[in-house]
Colleague: 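Please find one structure pasted underneath; my questions will follow.
Naming convention: chains lettered A, B, ... in sequence-line order (proteins, then strands); numbering from 1 in each chain.
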Amino acid sequence: AQRVTQPEKLLSVFKGAPVELKCNYSYSGSPELFWYVQYSRQRLQLLLRHISRESIKGFTADLNKGETSFHLKKPFAQEEDSAMYYCALSGRCTNAGKSTFGDGTTLTVKP
Amino acid sequence: DTEVTQTPKHLVMGMTNKKSLKCEQHMGHRAMYWYKQKAKKPPELMFVYSYEKLSINESVPSRFSPECPNSSLLNLHLHALQPEDSALYLCASSRAGRDTEAFFGQGTRLTVV
């Protein structure tokens with residue numbers, strides 16, 4: 001069975017501070033990991049995925065297979081980063097949208 | 001066009017009603033999905049269509065009936081729902097296979113009274 005755990009429901013930081021949203025997963029095969037973001041009153045959208053190794057809006061995430069983690073990091077948080085963040089896992093042999101989501105972390109960046 | 005469009009945005013229905021949710025995309029994606037999202041909870045996968053064929057049904061009750069009439073459209077037919085079925089229903093699409101990403105619609109906010 002596959003499972004995604006985001007241990008923090010709520011995370012609050014000040015503008016300019018570093019931020020790390022934690023994600024741990026459980027999966028027996030080769031996973032594909034994603035971070036999705038949902039800004040207030042907007043649709044769920046992909047932020048980044050491990051396979052592309054990109055930095056989007058200053059966020060990065062590294063897949064650590066030893067620790068089964070895919071933490072999301074940004075060195076200097078901005079107020080516009082305030083949103084709900086979901087970590088999601090998809091098996092590498094399945095369609096990308098067939099994902100198991102973590103419970104989400106609500107990030108608030110204070111001025 | 002990189003959008004997934006869902007209609008209606010809001011729907012209130014009685015427990016004896018029959019209604020349908022619609023989803024449309026013109027990105028040429030051949031995989032489409034229905035998710036259910038309760039308040040303050042993550043999306044939960046309901047159905048997956050791949051090349052217009054139902055490939056996954058995550059043990060969803062038969063009062064939810066999906067349909068994929070062509071490669072751009074996905075419907076979810078609702079009948080005899082319960083109040084606990086009230087939720088945000090999300091449609092998503094992606095290219096078939098891996099090494100791709102899913103695009104989500106805005107969702108239909110369903111209330112069953």
Side-chain angles (χ1 to χ4, degrees), chain A residues 1-10 21 23-25 27 29-54 56 61 63 83-108, chain B residues 2-7 9-10 23 25 27 29-60 66 68 71 74 87-109:
Chain A
Q2 56 194 59
R3 191 169 66 241
V4 177
T5 304
Q6 293 179 248
E8 303 134 331
K9 261 187 142 54
L10 303 169
L21 289 82
C23 173
N24 288 90
Y25 68 90
Y27 186 66
S30 283
E32 185 158 353
L33 276 298
F34 305 84
W35 276 100
Y36 284 90
V37 61
Q38 190 165 30
Y39 301 102
S40 179
R41 295 197 199 88
Q42 293 189 28
R43 68 187 65 204
L44 195 62
Q45 57 187 286
L46 181 72
L47 181 62
L48 53 81
R49 52 194 178 112
H50 90 270
I51 206 160
S52 58
R53 295 178 177 270
E54 292 172 301
I56 306 289
L63 179 61
M84 171 71 94
Y85 291 81
Y86 290 103
C87 182
L89 178 153
S90 175
R92 293 208 66 193
C93 295
T94 63
N95 289 313
K98 180 185 177 297
S99 293
T100 297
F101 285 78
D103 283 346
T105 297
T106 301
L107 174 65
T108 302
Chain B
T2 57
E3 278 213 352
V4 175
T5 303
Q6 290 186 244
T7 54
K9 285 191 166 42
H10 302 273
C23 174
Q25 56 86 16
M27 293 178 276
H29 291 167
R30 302 304 293 275
M32 295 185 77
Y33 315 82
W34 280 114
Y35 279 86
K36 174 181 178 179
Q37 187 176 24
K38 300 282 270 184
K40 298 192 192 322
K41 294 290 187 184
E44 292 179 19
L45 185 68
M46 299 174 72
F47 302 104
V48 179
Y49 271 83
S50 184
Y51 294 97
E52 295 85 69
K53 288 191 177 1
L54 182 65
S55 61
I56 293 175
N57 175 340
E58 294 282 2
S59 304
V60 180
C68 191
S71 59
L74 185 66
L88 182 69
Y89 288 84
L90 297 169
C91 174
S93 72
S94 73
R95 292 200 312 269
R98 53 191 176 113
D99 295 346
T100 181
E101 64 180 272
F103 291 79
F104 282 82
Q106 283 271 40
T108 293
R109 176 79 56 193

Colleague: Taking every non-hydrogen pair under 4.5 Å, which of B/Glu58, B/Met32, B/Gln37, B/His29 racks up the most with chain A?
Modeller: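 The option with the most such pairs is B/Gln37.
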
Colleague: Taking only Lys NZ, Arg NE, NH1 and NH2, and the carboxylate oxygens of Asp or Glu, determine whether A/Arg43 and B/Glu3 approach each other closer than 4.0 Å.
Modeller: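 Looking at B/Glu3 together with A/Arg43, the answer is yes, because their closest N to O distance falls below 4.0 Å.
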
Colleague: Do you know the tightest heavy-atom contact between A/Tyr86 and A/Leu44?
Modeller: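 Heavy atoms of A/Tyr86 and A/Leu44 come nearest at CD1-CD1, 3.7 Å.
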
Colleague: Should the ring pair A/Tyr36 and A/Phe101 be called parallel, tilted or perpendicular, given that the plane angle runs from 0 to 90° and is split at 30 and 60?
Modeller: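 It falls in the tilted class, 30° to 60°.
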
Colleague: Is B/Lys41 atom NZ crowded by more than 12 heavy atoms from other residues, nucleotides or ligands, each under 6.0 Å away?
Modeller: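 No.
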
Colleague: Under 4.5 Å from any heavy atom of chain B, what part of A/Gln38 do you find: side chain, backbone, both or neither?
Modeller: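 Contact with chain B is through the side chain of A/Gln38 alone.
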
Colleague: Given that the side chain runs from C-beta out, which part of B/Glu44 has a heavy atom under 4.5 Å from chain A: side chain, backbone, both or neither?
Modeller: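 For B/Glu44, neither part sits under 4.5 Å from chain A.
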
